[in-house]
There are 2 protein chains.
Amino acid sequence: MTGMEESFADLAFDVFARDCPSRPTFEHITGRWGSIALMALDEGPMRFGVLRRRVEGVSEKMLSQTLQALERDGFVLRDVVTTIPPRVEYSLTPLGIETARRLRGLIDFLEGRMPEVLKAQEDYDSAKDA
Amino acid sequence: MTGMEESFADLAFDVFARDCPSRPTFEHITGRWGSIALMALDEGPMRFGVLRRRVEGVSEKMLSQTLQALERDGFVLRDVVTTIPPRVEYSLTPLGIETARRLRGLIDFLEGRMPEVLKAQEDYDSAKDA
DNA sequence: CGGGATCCGAGACGATACTG
DNA sequence: CAGTATCGTCTCGGATCCCG
């Protein structure tokens with residue numbers, strides 16, 4: 001069954017592999033701005049400017065880049081109305097919605113454990129000073 | 001109840017806030033090497049060299065940095081045996097184990113959807129060429 | 001208003017050499 | 001073996017200007 005094993009290995013993505021194609025996509029949704037953009041759009045469709053104000057601290061350039069990556073991966077829809085001034089509405093695809101939900105689960109879990117994390121950091125730092 | 005609301009806001013971490021203290025930690029566990037290191041250590045305790053070979057493509061420096069960050073945050077334990085040559089075993093804390101499990105859920109989900117993502121990327125790229 | 005183009009600094013990252 | 005130190009490269013990300 002060597003043939004089957006090989007074809008299965010082709011279909012199953014190996015996170016540990018240097019060139020696993022899921023790595024870039026994973027970085028898009030967990031990255032500095034990608035994750036927050038997904039969280040924001042999970043609240044509902046939003047125009048660029050509103051999204052920009054919702055995601056504190058992001059520059060126009062980075063938000064634009066982030067949204068393009070998420071759109072290319074199929075997580076985000078971009079709806080353009082070519083008026084003057086232009087309107088561009090962003091929303092989540094079904095895939096984007098489910099991804100955002102799972103991401104929120106991870107984030108909520110982490111935030112619930114943050115007191116524990118902050119305590120660990122204190123211990124680590126004070127142990128290092130000594 | 002203004003006082004209560006404010007103190008609650010202090011305890012509840014706001015992902016959208018520029019200075020949310022959970023952001024750095026989130027990046028440690030979802031980052032390029034952090035996520036893979038957690039996946040690897042979820043398979044069991046491991047020595048530095050073994051871990052390095054398991055996480056394909058990581059340099060000694062980056063693995064060392066990554067593990068230090070994860071240890072400081074309380075996800076990873078570092079057990080040193082000062083012999084010659086030295087032995088250093090890394091393992092997950094209970095917090096690290098639960099985090100790794102949830103991370104694996106997200107990654108498995110994403111990998112299951114990768115065909116969909118790859119398709120979206122093709123469509124996006126071919127639409128752009130035209 | 002929603003970006004694209006450009007420039008620049010800061011930090012990530014890898015390769016190599018060295019130490020306990 | 002398990003790092004640390006140093007260096008050079010390269011990408012990320014912000015600031016600014018511009019255009020439809």
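Values in this document were obtained by computation on a predicted structure and should not be read as measured data. Note on naming: letters A, B, ... go to the chains in the order of the sequence lines (proteins, then strands), and numbering restarts at 1 for each one.
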At under 4.0 Å between heavy atoms, which parts of nucleotides 6-20 of chain D does protein reach? Answer with one letter per nucleotide, 5' to 3': B base, S sugar-phosphate only, - none. BB-----BBB----B
Which nucleotide span of DNA chain C, 5' end to 3' end, has atoms closer than 4.0 Å to non-hydrogen atoms of chain B? C:dC13 to C:dG20
Tell me the interatomic distance from B:Arg87, atom CZ, to D:dA2, atom P, rounded to whole angstroms. 8 Å
Answer whether the closest heavy-atom distance between the side chains of A:Cys20 and B:Glu111 falls below 4.5 Å. yes
Cluster question for you: counting only ILVMFWY and a side-chain heavy-atom cut-off of under 4.5 Å, with indirect links fine, are B:Val80 and B:Leu63 together? yes
So B:Leu51 and B:Arg47, do their side chains get closer than 4.5 Å, heavy atoms only? no
Does the side chain of A:Thr93 reach to within under 4.5 Å of the side chain of A:Val76, using non-hydrogen atoms? no
Determine, for B:Asp79 against B:Arg87, whether the closest basic-nitrogen to carboxylate-oxygen distance falls under 4.0 angstrom. no
Quantify the bending of the helix from C:dC1-D:dG20 to C:dG20-D:dC1 as the angle between its end axes, each fitted on five pairs, to 10°. 40°
Is any side-chain nitrogen or oxygen of B:Arg78 closer than 4.0 Å to OP1 or OP2 of D:dG3? yes
Look at all strands and tell whether A:Gln68 reaches a base, only sugar-phosphate, or nothing, counting heavy atoms closer than 4.0 Å. sugar-phosphate
Minimum side-chain heavy-atom gap B:Phe26-A:Ser35 below 4.5 Å: yes
Is any side-chain heavy atom of B:Arg113 less than 4.5 Å from a side-chain heavy atom of A:Thr25? no
Would you say B:Phe109 and A:Thr99 make side-chain contact, with heavy atoms under 4.5 Å? yes
Counting just side-chain N and O atoms, does B:Tyr90 come under 4.0 Å of either OP1 or OP2 of D:dC1? no
Under a 4.5 Å cut-off applied to non-hydrogen side-chain atoms, are A:Leu67 and A:Tyr90 in contact? yes
Could you tell me whether the side chain of B:Arg23 and the main chain of A:Arg32 form a donor-acceptor pair under 3.5 Å? no
